[in-house]
Asker: 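This is the structure I want to talk about, given as structure tokens.
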Amino acid sequence: MDWISVKEARQAESSGKKVVIKGWVRTRRDSKAGFSFLEINDGSSQGNLQVVAEASLANYKEEVLKLGAGCSVSIEGEIRPSPAKGQPTELAASAILVHGWADPVTYPMQKKGHTFEFLRSQAHLRPRTNTFGAVMRVRNQIANSVHSFFQERGFLYLNTPIITASDCEGAGQMFRVSTLDPEKPPRTPEGPIDHARDFFGKQAFLTVSGQLEGETHACALGKIYTFGPTFRAENSNTARHLAEFWMIEPEAAFYTLEDNMDLAEAFLKRIFKDVLDKCGEDMDFFAERIDKTVRATLEGIASSAFERVTYTDAIAILEKSVQTFEFPVKWGLDLQSEHERYLTEKHFQKPVILTDYPRDIKAFYMRQNDDGKTVRAMDVLVPRVGEIIGGSQREERLDVLLERMRECHLPEEPYWWYLDLRRYGTVPHAGFGLGFERVVQFVTGMANIRDVIPFPRVPGWAEF
RNA sequence: UCCCCGAUAGCUCAACGGUAGAGCGAGCGGCUGUUAACCGCUAGGUUCUAGGUUCGAAUCCUAGUCGGGGAGCCA
């Protein structure tokens with residue numbers, strides 16, 4: 001007898017097959033006419049399989065009537081068309097094997113709606129809910145699309161280090177990695193902690209970005225992308241920040257900012273299209289229960305061009321708008337959330353790529369424009385989530401880069417290998433970073449980033 | 001890290017200085033090819049923690065912890 005998934009068992013074409021399904025009970029409804037309905041889910045799809053369990057089953061009274069949410073079972077039977085509305089097929093059970101019970105008095109996942117706040121405290125069981133099942137299936141599809149998109153375009157998947165010994169990434173506060181005894185670390189004769197005696201012989205940290213390392217391989221293999229965990233020790237308490245998140249960072253030699261924008265736009269569209277094509281049932285769920293606009297938003301984006309605006313033009317738009325802002329709008333100042341949201345949600349009502357920011361508010365490695373004031377930076381803004389991608393064309397001219405590092409008071413020595421890329425066979429190149437969880441958030445409509453990653457890590461919370 | 005709000009039954013909440021309640025969930029019973037089923041009954045509490053004010057504190061005050069909304073930092 002074939003073991004098939006609930007997803008397959010729900011297909012009308014499965015009718016007539018004798019099969020086994022394995023999964024977890026979502027609910028049981030009894031009929032005094034002498035049988036029970038069980039709803040079984042195995043994670044393969046949003047929908048459950050309805051099982052009809054007749055009283056003639058050997059263990060009907062002793063076991064079937066005691067099944068409830070959370071119990072695990074294997075069920076043999078025949079798939080047949082369902083006579084009632086609500087499901088195309090159902091399984092007429094001929095045998096039900098109970099693997100594990102779930103005491104209804106203590107099992108936390110009740111047959112009722114739970115708040116996401118409560119479910120976060122039950123992160124080990126929340127994947128058994130409709131919402132988190134859907135989130136994780138969509139998250140998986142997006143990960144699949146990320147790899148497919150880049151592989152099809154000849155990008156090489158590169159694993160940049162998670163532990164980095166250089167404190168020169170500059171993208172944020174870093175977590176320290178050490179094997180020294182925190183109670184009594186070794187000290188130099190002068191008193192400070194002697195990092196030379198730590199595991200790596202110097203201070204080490206968790207990466208905040210693989211970009212600098214990524215550039216080394218782009219400047220050899222042409223096109224690369226990274227997709228891995230990233231860590232920021234910032235004390236951020238918002239619905240769109242995590243201390244541990246997954247980032248995708250493509251980097252490509254001979255790419256200009258225009259190439260970079262084309263890549264970013266095609267990339268996001270591909271992800272959205274794949275989700276719409278392949279996760280229809282889950283997207284129906286999000287549209288119905290989480291955010292009624294998600295489907296239309298994704299469809300709209302997949303079929304229209306992103307708006308491309310320079311920072312300077314964006315400032316002009318904001319200055320002319322009738323909207324009053326809490327923070328000032330002035331050339332040279334960084335845009336605040338409210339400004340970005342106005343541009344993408346109100347003015348353009350679609351994704352916006354802002355480019356050519358003032359150099360003084362952007363990182364040292366971004367390529368300077370001939371105007372001497374701006375750099376080839378780009379931020380992709382989307383409604384509701386805000387900045388989803390940040391990237392730039394990199395400064396490939398050694399003298400310009402060195403001058404800029406001096407202005408930023410950055411020491412040359414730790415960057416010796418980064419500078420070598422400009423000393424030997426330098427090329428124009430560009431790349432960007434995409435927050436994976438922010439994409440999942442945008443696609444699903446989930447309001448809090450903590451609910452689109454299996455085990456969120458945020459200040460004050462590392463349970464599980 | 002800053003501003004605002006909150007923490008009471010398994011869950012969501014009410015009680016606003018004077019005997020701690022409801023809905024949902026759960027158990028039992030009834031009804032039904034049911035499907036967020038429905039109807040009845042029952043059980044269920046160290047009111048987040050530590051201090052303080054008061055004859056008396058879930059309620060007022062202080063501190064802490066955690067959560068939510070907004071902001072900053074960013075992806």
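Chain naming here is simple, since letters A, B, ... match the order of the sequence lines and numbering starts at 1 in each. Only heavy atoms go into these numbers, but all of them, side chains included; no hydrogens, no water, no symmetry mates.
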Asker: Remember a base hit wins even if backbone is also touched, and classify Pro83(A) as base, sugar-phosphate or nothing at under 4.0 Å, heavy atoms.
Answerer: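 Base, at least one base atom sits under 4.0 Å.
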
Asker: Rounded to the nearest 0.5 Å, how far does NZ of Lys346(A) lie from OG of Ser321(A)?
Answerer: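 Between Ser321(A) OG and Lys346(A) NZ, I get 9.5 Å after rounding to 0.5 Å.
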
Asker: For the CG atom of Leu276(A) and the CG atom of Leu298(A), what is their distance to the nearest 0.5 Å?
Answerer: 5.0 Å

Asker: May I ask you to decide if the ring planes of Phe149(A) and Phe267(A) are parallel, tilted or perpendicular, using 30° and 60° as cut-offs?
Answerer: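 Phe149(A) and Phe267(A): tilted rings.
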
Asker: Only one of Arg10(A), Lys7(A), Arg137(A) forms a salt bridge (charged side-chain N to carboxylate O under 4.0 Å, His left out) with Glu281(A), so which one is it?
Answerer: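 So, applying the salt bridge (charged side-chain N to carboxylate O under 4.0 Å, His left out) to Glu281(A) and each of Arg10(A), Lys7(A), Arg137(A), only Arg10(A) qualifies.
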
Asker: With heavy atoms under 4.0 Å as the rule, sort Phe35(A) into base, sugar-phosphate or nothing.
Answerer: base

Asker: Checking Ser74(A) against His99(A): is there a side-chain donor and acceptor pair closer than 3.5 Å?
Answerer: yes

Asker: To the nearest 0.5 Å, what is the distance between CG (Leu206(A)) and OG1 (Thr230(A))?
Answerer: 10.0 Å

Asker: Any base atoms under 4.0 Å from Ser82(A), or only sugar-phosphate, or nothing? Heavy atoms, all strands.
Answerer: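 Base contact.
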
Asker: How far, in whole Å, is U59(B) from U49(B) if one measures between their P atoms?
Answerer: 11 Å

Asker: When rounded to the nearest Å, what value does the distance between P atoms of G23(B) and A9(B) take?
Answerer: 16 Å

Asker: Side chain of Thr238(A), heavy atoms from C-beta onward: which of A75(B), A71(B), C11(B) has the nearest atom to it?
Answerer: A71(B)

Asker: If the P atom of A58(B) is compared with that of U53(B), how far apart are they to the nearest Å?
Answerer: 16 Å

Asker: Applying a 3.5 Å limit to both distances, which nucleotide forms a Watson-Crick or G-U wobble pair with C38(B)?
Answerer: G30(B)

Asker: Side chain of Glu234(A) only, heavy atoms from C-beta on: which candidate in U35(B), G33(B), C73(B) is closest?
Answerer: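 For Glu234(A), the side-chain atoms sit closest to C73(B).
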
Asker: Could you walk me through whether Phe227(A) and Phe436(A) pass ring-ring contact (aromatic ring centres under 6.0 Å, His included), step by step?
Answerer: CA-CA 9 Å; Phe227(A) 185 0; Phe436(A) 185 54; 4.9 Å; yes

Asker: Is it the case that the base of G67(B) and the side chain of Glu117(A) share a donor-acceptor contact (distance under 3.5 Å, atom types as modelled)?
Answerer: no

Asker: With the stacking rule set at 5.5 Å and 30°, tell me whether Phe245(A) counts as stacking on A75(B).
Answerer: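 The ring of Phe245(A) is stacked on A75(B).
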
Asker: By nearest atom, which of the nucleotides C11(B), C74(B), U35(B) is closest to the His241(A) side chain?
Answerer: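 Among the listed nucleotides, the one closest to the side chain of His241(A) is C74(B).
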
Asker: Just compare U34(B), C73(B), A75(B) and give me whichever is closest to any side-chain atom of Ser236(A).
Answerer: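 Of all the options, the side chain of Ser236(A) is nearest to C73(B).
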
Asker: Indicate, with a heavy-atom threshold strictly under 4.0 Å, whether Phe118(A) touches base, sugar-phosphate, or nothing.
Answerer: sugar-phosphate

Asker: When rounded to the nearest Å, what value does the distance between C1' atoms of C13(B) and G6(B) take?
Answerer: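 It works out to 12 Å between them.
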
Asker: Base, sugar-phosphate alone, or nothing: which one does Glu244(A) contact when heavy atoms must sit under 4.0 Å apart?
Answerer: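 Here Glu244(A) touches no strand at all.
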
Asker: Taking the P atom of each, how far is U12(B) from C73(B), in whole Å?
Answerer: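 Approximately 33 Å lies between the P atom of U12(B) and that of C73(B).
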
Asker: Have a look at Gln336(A) and say if it touches a base, only the backbone sugar-phosphate, or nothing, with a 4.0 Å heavy-atom cut-off.
Answerer: sugar-phosphate

Asker: Looking only at side-chain N and O atoms, does Arg450(A) come under 4.0 Å of OP1 or OP2 in G68(B)?
Answerer: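 Arg450(A) to G68(B) OP1/OP2: side-chain N or O found under 4.0 Å.
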
Asker: Mind checking if Asn237(A) touches a base, just sugar-phosphate, or nothing, with heavy atoms under 4.0 Å?
Answerer: base

Asker: Look at the side chain of Lys85(A) and decide which nucleotide, out of A26(B), U35(B), G68(B), has an atom nearest to it.
Answerer: U35(B)

Asker: What does Gln50(A) touch in the nucleic acid at a heavy-atom separation under 4.0 angstrom: a base, only the sugar-phosphate, or nothing?
Answerer: base

Asker: Do side-chain atoms of Asp379(A) reach the backbone of Thr355(A) as a donor and acceptor pair under 3.5 angstrom?
Answerer: no

Asker: Applying a 4.0 Å non-hydrogen cut-off, can you work out what Arg289(A) is touching in the nucleic acid: base, sugar-phosphate, or nothing?
Answerer: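 Answer is nothing: Arg289(A) stays at 4.0 Å or more from every strand.
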
Asker: From C-beta outward on Thr115(A), which listed nucleotide comes closest to its side chain: U12(B), C74(B), U34(B)?
Answerer: U12(B)

Asker: Is it the case that U34(B) (base atoms only) and Gln87(A) (side chain only) share a donor and an acceptor within less than 3.5 Å, ignoring hydrogens and angles?
Answerer: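 Answer is yes: a donor-acceptor pair is held.
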
Asker: Rounding to an integer number of angstrom, what distance separates C66(B) and U8(B) when you compare their C1' atoms?
Answerer: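 Result for the C1' pair: 16 Å, nearest Å.
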
Asker: Could you check which of G25(B), G33(B), C74(B) has an atom nearest any side-chain atom of Arg438(A)?
Answerer: C74(B)

Asker: Sticking with atom C1', work out how far U42(B) lies from G33(B), rounded to a whole angstrom.
Answerer: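 Approximately 30 Å lies between the C1' atom of U42(B) and that of G33(B).
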
Asker: For U65(B), give the paired nucleotide (Watson-Crick: N1-N3 plus N6-O4 or O6-N4; G-U: N1-O2 and O6-N3; both under 3.5 Å), or none.
Answerer: A7(B)

Asker: Looking only at atom C1', what distance separates G45(B) and C11(B), rounded to whole Å?
Answerer: 14 Å

Asker: Base, sugar-phosphate, or nothing: which does Ile388(A) touch, judged by heavy atoms less than 4.0 Å apart?
Answerer: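 Counting heavy atoms under 4.0 Å across all strands, the contact made by Ile388(A) is with sugar-phosphate only.
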
Asker: Does a nitrogen or oxygen in the side chain of Ser31(A) sit under 4.0 Å from OP1 or OP2 of U34(B)?
Answerer: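 So the side-chain polar atoms of Ser31(A) never come under 4.0 Å of the phosphate oxygens OP1 or OP2 of U34(B).
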
Asker: Taking only the side-chain nitrogens and oxygens of Thr27(A), find out if one of them lies under 4.0 Å from OP1 or OP2 of U35(B).
Answerer: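 Checking U35(B) against Thr27(A), no side-chain N or O comes under 4.0 Å of OP1 or OP2.
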
Asker: When you match Gly460(A) and Leu335(A) each to their closest nucleotide on RNA chain B, which lands nearer the 5' end?
Answerer: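 Nearest-nucleotide comparison on RNA chain B picks Gly460(A).
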
Asker: Using a cut-off of 4.0 Å on non-hydrogen atoms, how would the nucleic acid contact of Arg80(A) be classed: base, sugar-phosphate, or nothing?
Answerer: base

Asker: Side chain of Arg120(A): nearest nucleotide among U35(B), G68(B), A71(B)?
Answerer: G68(B)

